[in-house]
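Okay, so here's the structure we're looking at.
Below, each value reflects all heavy atoms present in this structure, side chains not excepted, and no hydrogens, waters or symmetry copies.
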Amino acid sequence: MRFAGFDLVEREPDSSDVSGSVAQGSPWQILLILAPFLVVSLWVAKSLGLGIAPDEPAHFLFIKHYASTLGFPQDTLETMRTGWYVHQNPFLYYWFNARVYALAKIVVPNLTDHQSLVIMRAVSALYSTGTLFFLYKTARLLFRKTWQQLLPPFLLANTLMFSFISGAVSYDNLANLFAAAAIYFLTRLMYGGSYARYSLLFLGTLLWGNLIKYPMTPLAFIGVAVWIAWSIKQRKLIGPQKLGFANIVLVLVVAVGLAYNAGIYGQNILRFQALTPACNQLYEPQQCALSPFQQRWEAWGVKDKPTLIESVRAGGPNPIGYFFDDWINLMLKSIYGILAHKNYEPTQMIPFLRLFWLAILFLGFRYIRQVDKTYFPLFLIMFFYLAVVFANNVNTELAYNYAHTGGLQGRYLFPVLGIAYLGVTKVIESINHRALRALVLAVTLALFIYSGPLKFALYWDNLFTGWFTL
């Protein structure tokens with residue numbers, strides 16, 4: 001297997017695959033996945049009990065807090081008790097959802113708190129449906145046949161934690177939407193789309209995605225680096241660009257997003273040497289003591305955190321061993337299970353999931369002779385993002401003596417999980433033995449159907465007792 005690099009594919013992407021053949025299937029075929037996914041997500045939104053979804057009470061509190069003003073509210077003792085802060089932190093998810101919340105209150109003045117929560121959950125379901133749509137749009141650029149175009153969004157829709165969090169109040173859903181849109185805009189650009197239009201859409205989506213949550217910044221960093229490298233390589237083919245009214249609007253959107261990024265992240269780096277400030281850099285010790293994160297640190301944190309080298313010399317795991325022995329299992333359990341305030345660990349499925357991904361890697365090296373022009377930048381983005389998440393997880397483990405606490409969440413990989421599923425589809429497509437290809441596809445479908453949200457229907461009164469109300 002070898003990479004072809006950053007080359008421009010000069011064709012109209014909505015009607016062809018990478019080889020130039022006409023794409024099969026109607027664009028409406030995605031409704032076969034979007035409709036049932038939305039039904040399941042809305043059911044979760046309506047039926048899920050309180051205090052189960054990860055950080056949902058805190059997210060909902062911040063939405064209501066932002067709804068108290070059209071601008072940016074001040075931190076209060078109530079918000080400080082969540083361990084999150086308004087000042088010098090990303091705001092877009094809360095600010096936008098606060099407008100929806102306020103509108104709902106205007107339309108139905110006597111709306112109860114629980115009804116408002118369900119509405120906010122339903123908005124999350126729409127965000128995730130958009131994520132699937134953009135993943136499908138990307139797949140249509142890369143693949144010709146209908147099953148190839150539908151497989152990536154099908155796999156994501158049947159990823160249990162994704163379907164679960166999609167029915168909950170969480171900024172992850174909007175962040176995933178912006179990540180999927182950015183990946184689509186970049187792919188569309190590389191397949192001959194208007195350089196000015198799709199560059200602005202790509203950059204704007206990344207910049208505003210950063211304003212949802214700071215863990216989006218690694219995606220923006222590598223995304224911009226890829227875009228710059230591609231633009232330099234293709235500079236002779238790009239040619240003069242017409243600005244036009246739509247592009248002027250996009251320039252303004254990018255400029256405002258850049259200004260907000262500079263005002264938050266740029267100022268934080270200069271003042272606090274961090275993307276977001278620690279509580280003790282903003283407030284008094286007694287205020288910071290309200291934070292559950294501070295309380296967890298005081299209870300279980302390593303007060304004199306060792307470096308990685310010091311930890312290994314003291315008998316701790318080395319990064320390679322930790323990656324294969326612990327991290328992969330932790331990610332699989334929290335992607336294909338549910339890690340929240342109530343947990344479901346698919347213990348019996350983990351060996352099959354590990355085998356599945358190992359088989360995909362083996363088959364990829366066996367049958368893919370060349371990774372073409374578009375896959376290289378997409379894989380580069382994915383692996384860089386995974387490396388940053390892994391490094392951050394190791395840093396957290398050092399702080400808590402490898403207690404597997406803190407930010408070890410598989411859902412933090414969702415911004416690039418769609419790229420991995422595009423890779424799965426490419427591998428299956430590349431198998432040149434028809435019977436083997438059909439077998440691998442059948443096993444993939446069966447594995448994801450069984451491990452996906454179908455489990456809610458099969459085991460709602462067993463594995464998920466007390467989670468949902470019917």
Side-chain angles (χ1 to χ4, degrees), residues 1 3 54 155-156 159-162 172 176 179 214-219 221-222 225 300-302 305-339 343-366 368 371 375-424 426-427 447-448 451:
M1 181 169 63
F3 292 100
L155 298 180
L156 187 56
T159 298
L160 188 61
M161 188 64 192
F162 181 82
D172 289 336
N176 296 335
Y214 82 88
M216 289 287 284
T217 54
L219 185 69
F221 175 83
I222 186 61
W300 297 299
V302 178
K305 189 184 80 170
T307 65
L308 179 59
I309 294 175
E310 290 171 343
S311 174
V312 172
R313 286 176 177 172
N318 65 71
I320 297 176
Y322 170 74
F323 177 83
F324 288 104
D325 295 338
D326 296 298
W327 193 76
I328 290 177
N329 278 350
L330 290 168
M331 294 300 104
L332 290 177
K333 286 193 296 185
S334 54
I335 290 174
Y336 301 104
I338 294 174
L339 184 58
N343 300 329
Y344 160 64
E345 294 187 3
T347 307
Q348 295 179 339
M349 294 297 298
I350 295 301
F352 295 100
L353 290 165
R354 285 185 68 113
L355 183 61
F356 167 78
W357 284 105
L358 284 173
I360 289 297
L361 286 173
F362 172 79
L363 292 171
F365 281 104
R366 172 65 178 82
I368 297 179
V371 178
Y375 287 95
F376 175 71
L378 294 184
F379 286 164
L380 181 61
I381 290 171
M382 180 183 71
F383 286 121
F384 179 88
Y385 188 88
L386 291 175
V388 171
V389 171
F390 176 72
N392 186 64
N393 287 168
V394 170
N395 186 57
T396 300
E397 294 280 43
L398 291 171
Y400 288 93
N401 198 27
Y402 287 89
H404 303 332
T405 187
L408 301 176
Q409 299 270 357
R411 59 190 166 94
Y412 296 158
L413 303 183
F414 287 168
V416 297
L417 188 58
I419 298 177
Y421 289 153
L422 291 169
V424 170
K426 179 63 178 177
V427 169
L447 181 63
F448 276 78
S451 66

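- Note that CG of Asn393 and CD of Gln409 are 9.5 Å apart. Values are rounded to the nearest 0.5 Å.
- Distance CG/Leu378 to NZ/Lys426: 12.0 Å, rounded to 0.5 Å.
- Atom CD of Glu345 sits about 9.0 Å away from atom CG of Leu330, to the nearest 0.5 Å.
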Would you check, one step at a time, whether the test ring-ring contact (aromatic ring centres under 6.0 Å, His included) holds for Tyr336 with Tyr344? CA-CA 9 Å; Tyr336 301 104; Tyr344 160 64; over 10 Å; no
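- Put simply, the side chain of Asn329 reaches to within 4.5 Å of the side chain of Arg354, judged on heavy atoms.
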Would you mind writing out the side-chain donor-acceptor pairs for residues 311-324 within the sub-3.5 Å range, not counting sequence neighbours?
unit_1, atom_1, unit_2, atom_2, d
Asn318, OD1, Ile320, N, 3.1
Asn318, OD1, Gly321, N, 2.7
Tyr322, OH, Glu397, OE2, 2.7

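- In summary, of the residues considered (Asn392, Leu386, Val394, Val388), a side-chain contact (heavy atoms from CB on, under 4.5 Å) with Phe390 occurs for Val394 alone.
- Nearest heavy atom pair, residue Pro215 against residue Pro218, reads O-CD, 3.0 Å.
- Counting heavy atoms from C-beta on, the side chains of Leu160 and Ile338 come closer than 4.5 Å.
- In terms of the side-chain hydrogen bond (donor to acceptor under 3.5 Å, both in side chains) criterion, Arg366 has no residue partners (sequence neighbours excluded).
- Rounding to the nearest 0.5 Å gives a distance of 5.0 Å between CG of Leu332 and CD1 of Ile350.
- Summarising the local packing, OH of Tyr402 is surrounded by more than 12 heavy atoms from other residues, nucleotides or ligands at distances under 6.0 Å.
- A side-chain donor-acceptor contact under 3.5 Å links Asn395 and Lys305.
- We find the OH-CG distance between Tyr385 and Leu380 to be 15.0 Å, quoted to the nearest 0.5 Å.
- With contacts defined as side-chain heavy-atom distances shorter than 4.5 Å, the pair Phe384/Leu219 does not qualify.
- Residues meeting the side-chain contact (heavy atoms from CB on, under 4.5 Å) test with Leu355, sequence neighbours left out: none.
- Considering only heavy atoms from C-beta on, Asp172 stays 4.5 Å or farther from Phe414 through its side chain.
- Heavy-atom neighbours of Trp300 CH2 from other residues, nucleotides or ligands within 6.0 Å: at or below the threshold of 12.
- When only modelled atom types and interatomic distance are considered, Arg411 and Asn176 share no side-chain donor-acceptor pair under 3.5 Å.
- Side-chain contact between Phe356 and Val424 is present, with at least one heavy-atom pair separated by less than 4.5 Å.
- Across Leu413 and Val389, no two heavy atoms sit closer than the pair CD2-CG1, 3.6 Å.
- A distance of 4.5 Å separates CG of Leu447 from CE of Met349, quoted to the nearest 0.5 Å.
- Put simply, the side chain of Thr347 does not reach to within 4.5 Å of the side chain of Lys333, judged on heavy atoms.
- When side chains are defined from C-beta on, Met161 counts as touching Pro54, because their heavy atoms get closer than 4.5 Å.
- Residues Tyr421 and Thr159 bring a donor and an acceptor atom of their side chains to less than 3.5 Å of each other.
- Contact record, Leu339 with Leu408: CD2-O, 3.5 Å, taken as the closest heavy-atom pair.
- Of all non-hydrogen atoms in Pro346 and Gly337, the two that sit nearest each other are CD-CA, 3.5 Å.
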